[in-house]
Amino acid sequence: MSRKRQPAEPYRIKSVEPIKLLNKVQREQRLKEANYNVFKIDAPDIYIDLLTDSGTTAMSNRQWAALMLGDESYAGATSFRRFERVVRELTQKKFVIPCHQGRAAENLLFSTMLKPGQFVPNNTHFDTTRANTLHKGGIAVDLPCPVSTSDEILNFKGNMDIAQLEEFLIKHGPEKIPLVIMTITNNSVGGQPVSMRNIRETSELCKSHGIPFFFDCARFAENAFFIKRDEPGYSDKTIEEIAHEMFSYCDGTMMSAKKDGLANIGGFISINDGDLYRRLTELLIVVEGFPTYGGLAGRDLDVLAVGLQEVLDFDYLDFRIDQVKYFGEKIKAAGIPIVEPTGGHAVFVDAGAFLPHIPAHQFPGQALACAFYLEGGVRVVEMGSLMFGGVDPNTGKKFTASRELVRMALPRRVYTNSHLDYIAEAAENIVANKDQLAGFKIVSQAALLRHFTCDLQMLSREEVGVE
Ligand SMILES: *Cc1c(COP(=O)(O)O)cnc(C)c1O
């Protein structure tokens with residue numbers, strides 16, 4: 001099983017984008033000017049940016065070439081036909097609706113399928129999926145498998161809790177549940193994959209209750225790789241065969257193609273239901289664009305048509321998933337605890353365990369995120385009480401998150417392993433001085449999604465740990 005070394009990058013570099021490391025005094029100043037919110041630091045002041053894997057992909061030579069073939073006709077463009085053929089073949093659905101990104105697909109689908117007061121079960125809603133459900137008056141129900149948050153190293157922690165789903169479907173039925181969604185990979189549970197068996201069982205359950213089953217499949221190819229590697233019976237199948245089997249179990253898909261589409265923008269819905277297609281396209285024309293471009297340029301559709309095929313390459317996925325694992329092991333070896341096993345697109349660091357002297361309400365994850373910028377010019381994102389905590393509008397009481405995590409997302413095909421070694425070295429320096437790290441307090445914040453725009457103040461040594 002175990003390999004001596006990580007496979008080397010299965011590509012060579014033809015075009016480079018210079019990056020620059022500011023000196024420590026400059027970094028300290030940038031951080032202060034940003035009021036310790038890394039979203040407010042300008043990109044040129046970042047040396048290595050692990051803020052997200054969304055829309056940050058490096059395109060291939062084939063994609064750059066496809067860009068020139070873009071047909072910018074308003075209606076019936078050849079770019080759309082190429083895109084449509086690829087998505088049809090991949091997801092095996094008759095109708096393909098292009099959208100400018102994942103949340104546009106969510107908006108279209110939920111506006112059309114969801115009535116106020118109805119439930120949408122999901123293995124775990126991604127933030128925008130949850131927000132779009134709530135926006136239509138729906139109720140987002142998360143049913144992750146019980147081991148999804150355990151510390152045990154297990155495969156397929158992204159699974160749906162089948163027993164709970166069955167209970168829920170029996171209790172509420174198709175009148176109250178317009179669709180069930182499977183998020184692949186399960187982003188909010190650390191990019192953990194879902195097994196083929198779990199997909200099949202969820203599909204059968206939905207069928208027996210007459211409820212449509214949809215995929216939210218931003219990272220379907222990464223998921224297919226985990227099935228090939230870890231699920232009995234799949235090691236001899238190709239990624240394409242596995243993806244086809246996955247999609248054969250669902251009635252429809254929505255995808256943010258900014259991830260496994262290997263593109264910087266884009267998304268889609270694919271379905272077999274002709275009546276649903278008609279209703280979706282009526283709305284599409286009002287909010288996104290004509291059905292043969294859906295808010296994208298023709299060239300974007302061509303880039304996606306190539307990217308959605310390239311992402312099925314075993315060597316690419318083997319390198320990608322192993323790179324995430326390699327990075328996780330380096331961070332752990334430096335002395336910062338991580339969530340294991342590592343998933344498909346990021347390493348999650350347990351800042352709460354790493355900085356026990358900083359309580360949740362003083363944001364240990366933010367302290368660590370700021371330390372990575374200060375120490376190495378590296379941008380990572382807090383996913384703890386700054387992002388998920390807040391003030392209860394009913395009681396006025398402050399609440400914190402269940403875990404204080406920091407996400408280090410890896411853009412696709414962008415950074416080499418020496419970049420990651422550099423970050424691991426910065427991590428060692430952070431570990432050596434961890435007792436010096438202080439918490440934060442919020443000085444101004446928005447009512448919703450406060451982490452994007454809030455201003456923070458660093459606490460003095462005396463204030464750390466004080467309620
Ligand atoms: C990124 C993502 C979305 C939202 O897509 P955008 O392209 O950012 O609008 C929805 N679901 C999942 C699982 C995602 O990862």
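Just the heavy atoms: all of them, side chains too, but no hydrogens, waters or symmetry mates, feed the values below. Small disclaimer: the values here were computed from a predicted structure and weren't measured. Atoms within a ligand are numbered from 1 in the order they appear, just like the ligands themselves.
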Option from Val380, Ile41, Val378 for which side-chain contact (heavy atoms from CB on, under 4.5 Å) with Tyr373 holds: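 It is Ile41; the other options fail the test.
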
Check: Phe215 ring centre within less than 6.0 Å of Phe247 ring centre: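 Close enough - the centres of the two rings lie under 6.0 Å apart.
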
Pair Tyr293 + Tyr74: ring centers closer than 6.0 Å: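 Under 6.0 Å, so yes.
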
Lys157 to Phe348 six-membered ring, cation-pi geometry met (6.0 Å, 45°):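 That pair does not qualify as a cation-pi contact.
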
Face-on cation placement of Lys228 at Phe314 ring, 6.0 Å and 45° thresholds: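 So Lys228 does make the cation-pi contact.
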
Who's the nearest protein heavy-atom neighbour of [atom], and how far?
atom	value
atom 11 (N) of ligand 1	Asp216 OD2, 2.9 Å
atom 10 (C) of ligand 1	Glu106 OE2, 3.1 Å
atom 1 (C) of ligand 1	Lys259 NZ, 1.3 Å
atom 6 (P) of ligand 1	Gln101 NE2, 3.3 Å
atom 4 (C) of ligand 1	Thr128 OG1, 3.3 Å
atom 7 (O) of ligand 1	Ser256 OG, 2.7 Å
atom 8 (O) of ligand 1	Arg103 NH2, 2.9 Å

Pairing of Arg412 and Asp53 as salt bridge, 4.0 angstrom limit: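 Counted as a salt bridge, because a side-chain N and a carboxylate O are separated by less than 4.0 Å.
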
Under-4.0 Å salt bridge between Asp71 and Arg82: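 Result for this pair is no, no salt bridge flagged.
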
Nearest candidate to atom 13 (C) of ligand 1, where distance is taken over non-hydrogen atoms, out of Asp53, Asn107, Thr183: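 Result: the heavy atom closest to atom 13 (C) of ligand 1 is in Thr183.
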
Min N/O separation Arg219 to ligand 1 under 3.5 Å: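 Yes.
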
Any N/O pair Gly102/ligand 1 closer than 3.5 Å: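 For ligand 1, there is an N or O atom that lies under 3.5 Å from one belonging to Gly102.
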
Ligand 1 contacted by Met254 (non-hydrogen, < 4.0 Å):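 Judged by the 4.0 Å heavy-atom criterion, Met254 does not count as contacting ligand 1.
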
Contact atoms of ligand 1, heavy-atom distance to Lys258 under 4.0 Å: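 Matching atoms, with element in brackets: 7 (O).
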
Interatomic spacing from CD in Glu382 to CZ in Phe388 - rounded to 0.5 Å: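 Those atoms lie 8.0 Å apart.
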
